[in-house]
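The figures here come from the full heavy-atom set of this structure, side chains too, leaving out hydrogens, waters and symmetry mates. Throughout, a chain's letter reflects where its sequence line sits, starting with A, and its residues are numbered from 1.
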Amino acid sequence: MPELVEVESARAVVERSALGRTIVDVDDADTWECRPHAPGEIRDALLGRELVAAHRRGKAMWCTTSSRDDDGDDGQDGQDGQDGDAGPRLGIHLGMSGRIVVAGADGDGDDEGGDYAGPGGWRPGGEVKPEWYRFTLTFADGGALRLFDKRRLGRVRLDPDIDRLGPDAGEVDRDDFRTRVGRGTAPLKARLLDQATVAGIGNLLADEVLWQSRLSPQRPAGELSVDELDELRRELRKAIRSALRKGGVHTGEVIAHRGAGGHCPRCGAAMTRATVGGRTTWWCPAEQR
DNA sequence: CCATATGTTAAAAG
DNA sequence: ACTTTTAACATATG
């Protein structure tokens with residue numbers, strides 16, 4: 001599920017429904033999802049604390065936590081809980097199939113993770129097998145925050161390193177975008193998928209933005225003109241805004257046409273498929289140059 | 001068995 | 001040394 005837009009939805013759910021609730025139990029027994037932490041390590045670090053704020057950069061999400069014995073930051077000032085004795089940051093990466101589910105105080109198990117439809121129409125809301133819950137925070141009020149991750153490529157860890165990520169794809173400024181994206185010999189799509197260049201663009205968003213910009217995914221990134229780079233950034237911001245509004249990156253205009261027999265929704269040409277940047281890529285060979 | 005899947009990353013290659 | 005590409009990761013599904 002998770003590209004920037006889906007992670008932002010998950011972050012908003014955490015911000016809206018999981019902050020300020022005291023953590024009384026933590027299930028961190030999945031040593032793969034919680035690598036490199038040993039079982040119990042995350043639990044020991046979080047018991048008695050509460051989540052203070054939910055942050056995101058690209059596809060990375062993390063929560064600051066309070067000190068034990070007080071409620072810490074009020075979570076309303078937009079700043080981290082930088083209290084002297086604040087707890088560790090709890091990093092959650094949704095990987096390829098992760099999503100956050102927050103249950104209310106009554107333990108009703110409400111699925112507030114946002115919507116998601118995979119290539120096969122898979123909807124986690126329709127099938128939630130308990131064995132696909134990889135990590136759980138249980139709150140004093142009886143509710144819980146869970147990481148549901150079918151494919152198990154997600155990750156939970158304390159104090160995640162986010163320094164290697166580039167600026168968020170929705171916030172990078174024009175000059176920064178020009179110099180970061182418009183360099184090198186790698187295919188443009190590979191550059192866009194590189195989280196150190198700009199953070200948050202995934203396979204679907206890349207295809208959508210390249211199609212909107214009428215740029216070939218195979219163009220060497222360093223050969224783009226300044227005008228093309230500026231247009232690319234405009235379409236990127238537009239696509240993110242649209243996807244946030246419509247509920248997911250899969251709502252992009254060209255996404256439904258990525259597939260065998262797909263045609264460009266603008267000109268009708270047959271879509272081309274190839275592996276670019278290590279990922280399956282679809283584009284309109286007639287318009288994208 | 002093979003190929004596919006909205007991600008990351010270590011290792012290899014250039 | 002830096003950039004780019006590939007393979008592997010764990011798991012489910014067609």
Side-chain angles (χ1 to χ4, degrees), chain A residues 1-10 30-36 56-61 91-100 113-124 126-135 147-157 160-166 169 180-211 217-222 239-240 243-244 246-252 254-256 258-260 262 273-282:
Chain A
M1 135 212 243
E3 294 195 27
L4 180 157
V5 170
E6 287 74 19
V7 179
E8 173 55 25
S9 298
D30 190 319
T31 56
W32 173 256
E33 204 87 4
C34 297
R35 69 194 180 285
R56 178 191 62 77
R57 180 149 145 210
K59 306 170 196 170
M61 172 171 117
I92 299 178
H93 199 295
L94 301 178
M96 199 86 113
S97 62
R99 66 197 309 258
I100 297 293
D115 199 11
Y116 167 80
W122 175 66
R123 276 190 156 68
E127 185 171 22
V128 182
K129 297 186 181 176
E131 61 265 35
W132 291 339
Y133 282 116
R134 313 296 185 184
F135 179 81
L147 170 60
F148 174 89
D149 184 11
K150 191 176 186 178
R151 282 184 65 185
R152 222 164 159 233
L153 288 171
R155 182 167 196 170
V156 177
R157 64 163 309 171
D161 174 26
I162 56 165
D163 294 338
R164 288 174 316 185
L165 292 175
R180 286 175 167 276
V181 176
R183 56 163 213 88
T185 60
L188 177 55
K189 180 169 175 180
R191 173 75 64 247
L192 292 175
L193 291 175
D194 179 0
Q195 304 300 297
T197 296
V198 151
I201 303 175
N203 200 32
L204 296 186
L205 183 58
D207 278 5
E208 172 71 12
V209 167
L210 289 169
W211 179 79
Q218 300 181 308
R219 277 276 292 283
I240 291 172
L244 278 171
K246 294 180 179 175
V249 70
H250 61 281
T251 63
V254 84
I255 303 304
R258 295 172 83 258
R273 178 206 148 123
T275 296
V276 182
R279 308 300 303 275
T280 296
T281 302
W282 292 87

For nucleotides C/dA1 and B/dT9, find the distance between their P atoms and express it as a whole number of Å.
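The same atom, P, in both gives a distance of 23 Å.
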
With rounding to whole Å, what would you report as the distance between C/dA10 and B/dA11 at their P atoms?
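Their P atoms lie roughly 15 Å apart.
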
What nucleotide, of [options], holds the atom closest to the side chain of [X]?
| X | options | result |
| --- | --- | --- |
| A/Met96 | B/dA5, C/dT5, B/dT9 | B/dA5 |
| A/Leu153 | B/dA5, C/dA12, C/dC9 | C/dC9 |
| A/Arg134 | C/dT11, C/dT5, B/dT9 | C/dT11 |

Using only side-chain N and O atoms of [X], determine if any of them is under 4.0 Å from OP1 or OP2 of [N].
| X | N | value |
| --- | --- | --- |
| A/Lys150 | C/dA10 | no |
| A/Trp132 | C/dA12 | yes |
| A/His93 | B/dG7 | no |
| A/Arg279 | B/dT4 | no |
| A/Thr185 | C/dT4 | yes |
| A/Arg273 | B/dT4 | yes |

On the side chain of A/Arg151, is there an atom forming a donor-acceptor pair with the base of C/dA10 - under 3.5 Å, no angle test?
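Looking at the base of C/dA10, it does pair with a donor or acceptor on the side chain of A/Arg151 (distance under 3.5 Å).
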
Check: [Y] main-chain N/O paired with [X] side-chain donor or acceptor under 3.5 Å:
| X | Y | answer |
| --- | --- | --- |
| A/Arg56 | A/Gly58 | yes |
| A/Glu208 | A/Val254 | yes |
| A/Arg180 | A/Arg191 | no |
| A/Arg35 | A/Trp32 | yes |
| A/Ser97 | A/Gly95 | no |
| A/Arg134 | A/Lys150 | yes |

To the nearest Å, how far apart are [X] [atom1] and [N] [atom2]?
| X | N | atom1 | atom2 | result |
| --- | --- | --- | --- | --- |
| A/Asp194 | B/dT8 | CG | P | 10 Å |
| A/Leu188 | C/dT3 | CG | C1' | 16 Å |
| A/Glu6 | B/dG7 | CD | P | 9 Å |
| A/Arg164 | B/dT8 | CZ | C1' | 9 Å |
| A/Leu94 | B/dA5 | CG | C1' | 16 Å |
| A/Leu193 | C/dT6 | CG | C1' | 15 Å |
| A/Gln195 | B/dT9 | CD | P | 9 Å |
| A/Ile255 | B/dA5 | CD1 | P | 13 Å |

Which is true for A/Gly278 with a 4.0 Å heavy-atom rule: it touches a base, it touches only sugar-phosphate, or it touches nothing?
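No contact.
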
By the 4.0 Å heavy-atom rule, please label A/Arg35 as base, sugar-phosphate, or nothing.
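Contact class for A/Arg35: none.
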
For A/Ala190, check side chain to side chain contact (heavy atoms under 4.5 Å, CB included) against everything at least two apart and list the hits.
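Listed in chain order: A/Ala186, A/Pro187.
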
Between CG on residue A/Asp207 and CZ on residue A/Arg273, distance to nearest 0.5 Å:
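With rounding to 0.5 Å, CG (A/Asp207) is 11.0 Å from CZ (A/Arg273).
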
Pair assignment for DNA chain C - dot-bracket with | for other-strand partners, Watson-Crick or G-U under 3.5 Å:
.||||||||.||||

